[in-house]
Visitor: 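Before I ask anything, here is the structure I am working with.
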Amino acid sequence: MPDRPKRVAAIHDLSGFGRCSLSVILPTLSVMGVQVCPVPTTVFSTHTGGLGSVEQRDLSDFTLPCLEHYRRLGLEFECVYSGFLSSQEQIDHCLKFFSTYQDALAVVDPVMGDHGRPYRTITPQMRSRLGELVRVADIITPNLTEACMLLKIPYFNEGLSRAQAKSLLVRLSELGPNYVVITGAPMASGSIANIGYDRQNNSFWYIDCDYVPVSYPGTGDLFASVLAGGVARGVPLFQAAQAAADFVRDCIARTLAEGLTEQDGVDFEPLLGQLTNSK
């Protein structure tokens, strides 16, 4: 019997337009040679960034039955990856996913906000309870806004110094995860960096990117999915994070060159072939 592909259970929302969440996670992981088992938490007509009143259908009654079905089938996963959740009930369901698949890598993208502000769909109670997922995670991938929310500290309106970045990473690791990656952090140097910390080895790393004056939906989902796909296949975390940063950088550069709007999201599809080299 041939070896089966690595499997990732991706617990996230599905946005019908705008290139984010499961609509980018599915093709990204698939082209990396990873079998994706999507567990949609809610369905949006579009992403929520400037496209008017968005239609939403909550799927809280689906996530737990999905887990029970997987258990009955005896399915195994190398990674369980949680992203946008639409109810406190779904936090409980994610906790059950992680406890059921204790040998799988637990990756938590604590989707709560950006640019110093919470998303309107995330209540204060949800933000507080997402810390329960962080405590059982192996890897977390917050942006700077979410990192500050998890630590219950004010948002940094100025760029981070190296000392501040290290302090944030260590404090986040003290919440539970072995590995912390803060994505798209504005640095005092004027760059944007993906910064990480390995608690076991007490090692830090920085991946600097050129600043661009635009923000596209879905870039965090692209980064987290390439990262999750890499570590699910046994790639060292820093190497997986570097591949994720390189891919997101190239996608943003292409989108800028094409002159596409932020509402369209990042133009990633023509560049998916780059990820086949990392299979």
Side-chain angles (χ1 to χ4, degrees), residues 6-15 18-32 34 36-41 47 77-85 94 97-98 104-114 119 122 130 133-134 136-147 149-150 169 172 177-185 192-197 205 207 209 215-233 235-252 265-266 268 271-272 274-275 278:
K6 303 299 185 183
R7 292 195 191 117
V8 172
I11 309 168
H12 216 309
D13 76 273
L14 175 62
S15 295
R19 294 187 175 106
C20 63
S21 58
L22 286 174
S23 65
V24 303
I25 293 166
L26 278 161
T28 299
L29 284 171
S30 296
V31 81
M32 293 176 71
V34 175
V36 191
C37 295
V39 183
T41 57
H47 65 67
F77 296 98
E78 278 66 43
C79 174
V80 176
Y81 159 34
S82 73
F84 177 85
L85 306 176
C94 282
F97 258 95
F98 291 137
L105 197 69
V107 178
V108 173
D109 184 4
V111 180
M112 292 187 286
D114 204 356
Y119 295 132
I122 305 296
L130 280 166
L133 293 181
V134 168
V136 301
D138 295 304
I139 302 172
I140 62 171
T141 61
N143 58 33
L144 181 58
T145 298
E146 293 155 349
M149 288 179 178
L150 288 171
L169 291 165
L172 286 167
N178 292 318
Y179 306 100
V180 178
V181 180
I182 300 178
T183 62
I192 298 293
N194 298 297
I195 57 180
Y197 177 58
W205 46 263
I207 302 173
C209 306
S215 177
Y216 296 105
T219 52
D221 299 323
L222 279 175
F223 183 95
S225 56
V226 175
L227 179 73
V231 295
R233 293 180 293 104
V235 175
L237 179 66
F238 175 77
Q239 184 178 332
Q242 182 70 65
D246 291 346
F247 184 66
V248 172
R249 176 203 63 209
D250 292 348
C251 291
I252 290 173
V266 67
F268 75 101
L271 300 181
L272 282 171
Q274 293 180 190
L275 298 176
S278 61

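Side chains are part of it too, since the values below use all heavy atoms of this structure and drop only hydrogens, waters and symmetry mates.
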Visitor: From Cys209 SG over to Ile192 CD1, what is the distance, rounded to the nearest 0.5 angstrom?
Guide: 8.0 Å
Visitor: For His12 and Leu22, which heavy atoms make the closest approach, and how far apart are they?
Guide: O-CD1, 3.5 Å
Visitor: Work out which heavy atom in Ile140 is nearest to a heavy atom in Ala137; give both atom names and the distance.
Guide: CG2-CB, 3.7 Å
Visitor: Enumerate the salt bridge (Lys or Arg N to Asp or Glu O under 4.0 Å) contacts for residues 18-28, please, sequence neighbours excluded, ordered by first and then second residue.
Guide: Arg19-Asp267, Arg19-Glu269
Visitor: Heavy-atom distance under 4.5 Å between the side chains of Met32 and Val226, does that happen here?
Guide: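 Contact flag for Met32/Val226 side chains = yes.
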Visitor: If I take atom CG from residue Asp250 and atom CG from residue Leu222, how far apart are they, to the nearest 0.5 angstrom?
Guide: 11.5 Å
Visitor: Check step by step if side-chain contact (heavy atoms from CB on, under 4.5 Å) holds for Tyr216 and Cys251.
Guide: CA-CA 10 Å; Tyr216 296 105; Cys251 291; over 6 Å; no
Visitor: Once ring-ring contact (aromatic ring centres under 6.0 Å, His included) is applied, do any residues pair with Tyr179, and if so which ones, sequence neighbours excluded?
Guide: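 Partners of Tyr179 by the ring-ring contact (aromatic ring centres under 6.0 Å, His included) criterion come out as none, since no residue qualifies.
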Visitor: Considering only heavy atoms from C-beta outward, does the side chain of Pro110 approach that of Leu133 to under 4.5 Å?
Guide: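 Contact flag for Pro110/Leu133 side chains = no.
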Visitor: Looking at residues at least two apart in the chain, or sitting in another chain, which of them share a side-chain contact (heavy atoms from CB on, under 4.5 Å) with Ala241?
Guide: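 Testing Ala241 for side-chain contact (heavy atoms from CB on, under 4.5 Å), a comparison that skips the adjacent residues, returns Trp205, Ile207, Phe223, Leu227.
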Visitor: Go through Thr183 and Val181 one step at a time and tell me if the side-chain contact (heavy atoms from CB on, under 4.5 Å) criterion holds.
Guide: CA-CA 6 Å; Thr183 62; Val181 180; 4.3 Å; yes
Visitor: Among residues at least two apart in sequence or on other chains, which ones pass side chain to side chain donor-acceptor pair (under 3.5 Å) with Asp13?
Guide: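 By the side chain to side chain donor-acceptor pair (under 3.5 Å) rule, Asp13 matches Ser15, Ser21.
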Visitor: Rounded to the nearest 0.5 Å, what separates atom OG1 in Thr28 from atom CG in Leu275?
Guide: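 Result: 6.5 Å between the selected atoms.
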Visitor: Heavy atoms, side chains only, cut-off 4.5 Å: are Pro38 and Ile25 in contact?
Guide: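 No, too far: nothing below the 4.5 Å cut-off.
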Visitor: Looking at Ala104, is its backbone amide N or carbonyl O close enough to the side chain of Glu78 to form a donor-acceptor pair, meaning the two atoms are under 3.5 Å apart?
Guide: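 Absent.
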Visitor: According to side chain to side chain donor-acceptor pair (under 3.5 Å), who are the partners of Asp246, at least two apart in sequence or on a separate chain?
Guide: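 So Asp246 forms a side chain to side chain donor-acceptor pair (under 3.5 Å) with Gln242, Arg249.
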Visitor: If a pair satisfies salt bridge (Lys or Arg N to Asp or Glu O under 4.0 Å) and one of its residues is in residues 217-232, list it, with sequence neighbours excluded.
Guide: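 Counting only pairs at least two positions apart or across chains, no salt bridge (Lys or Arg N to Asp or Glu O under 4.0 Å) contact touches residues 217-232.
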Visitor: List the atom of Val36, the atom of Ala10, and the distance in Å for their closest heavy-atom pair.
Guide: CG1-CB, 4.1 Å
Visitor: Does Phe77 have any ring-ring contact (aromatic ring centres under 6.0 Å, His included) partners at least two apart in sequence or in another chain, and if so, which?
Guide: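 Checked Phe77 against ring-ring contact (aromatic ring centres under 6.0 Å, His included); matches are Tyr70, Tyr101.
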Visitor: Looking only at heavy atoms, what is the nearest atom pair of Cys79 and Ala232, with distance?
Guide: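 Closest approach of Cys79 to Ala232: CB-CB, 4.1 Å.
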Visitor: Please examine the side chains of Phe84 and Cys20, heavy atoms only from C-beta on, and report whether any two atoms are closer than 4.5 Å.
Guide: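 Of all side-chain heavy-atom pairs linking Phe84 with Cys20, none is under 4.5 Å.
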Visitor: Under the side-chain contact (heavy atoms from CB on, under 4.5 Å) test, which residues partner Ala224, sequence neighbours left out?
Guide: Tyr81, Asp109, Thr141
Visitor: For Pro27, what residues pass the side-chain contact (heavy atoms from CB on, under 4.5 Å) criterion, not counting sequence neighbours?
Guide: Phe268, Leu272
Visitor: So how far is it from Cys94 SG to Leu85 CG, rounded to the nearest 0.5 Å?
Guide: 4.5 Å
Visitor: If I compare all heavy atoms of Leu169 with all of Tyr197, which pair ends up nearest, and what's the gap?
Guide: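 Nearest heavy atoms, Leu169 then Tyr197: CB-CB, 3.7 Å.
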Visitor: Atom CG of Leu172 and atom CG of Leu150: how far apart are they, to the nearest 0.5 Å?
Guide: 6.0 Å
Visitor: Can you name the residues that form a ring-ring contact (aromatic ring centres under 6.0 Å, His included) with Phe97, not counting sequence neighbours?
Guide: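 Expected list: none.
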Visitor: Considering all heavy atoms of both residues, which atom of Gly83 and which atom of Val111 are nearest to each other, and what is their separation?
Guide: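 Shortest heavy-atom contact: C-CG2, 3.7 Å.
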Visitor: Answer yes or no: is there a donor N or O on one side and an acceptor on the other, between the side chain of Asp138 and the main chain of Ala106, under 3.5 Å?
Guide: yes
Visitor: Applying side chain to side chain donor-acceptor pair (under 3.5 Å), can you list everything that pairs with Asn178, at least two apart in sequence or on another chain?
Guide: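 Once residues adjacent in sequence are excluded, the partners of Asn178 under the side chain to side chain donor-acceptor pair (under 3.5 Å) criterion are Arg199.
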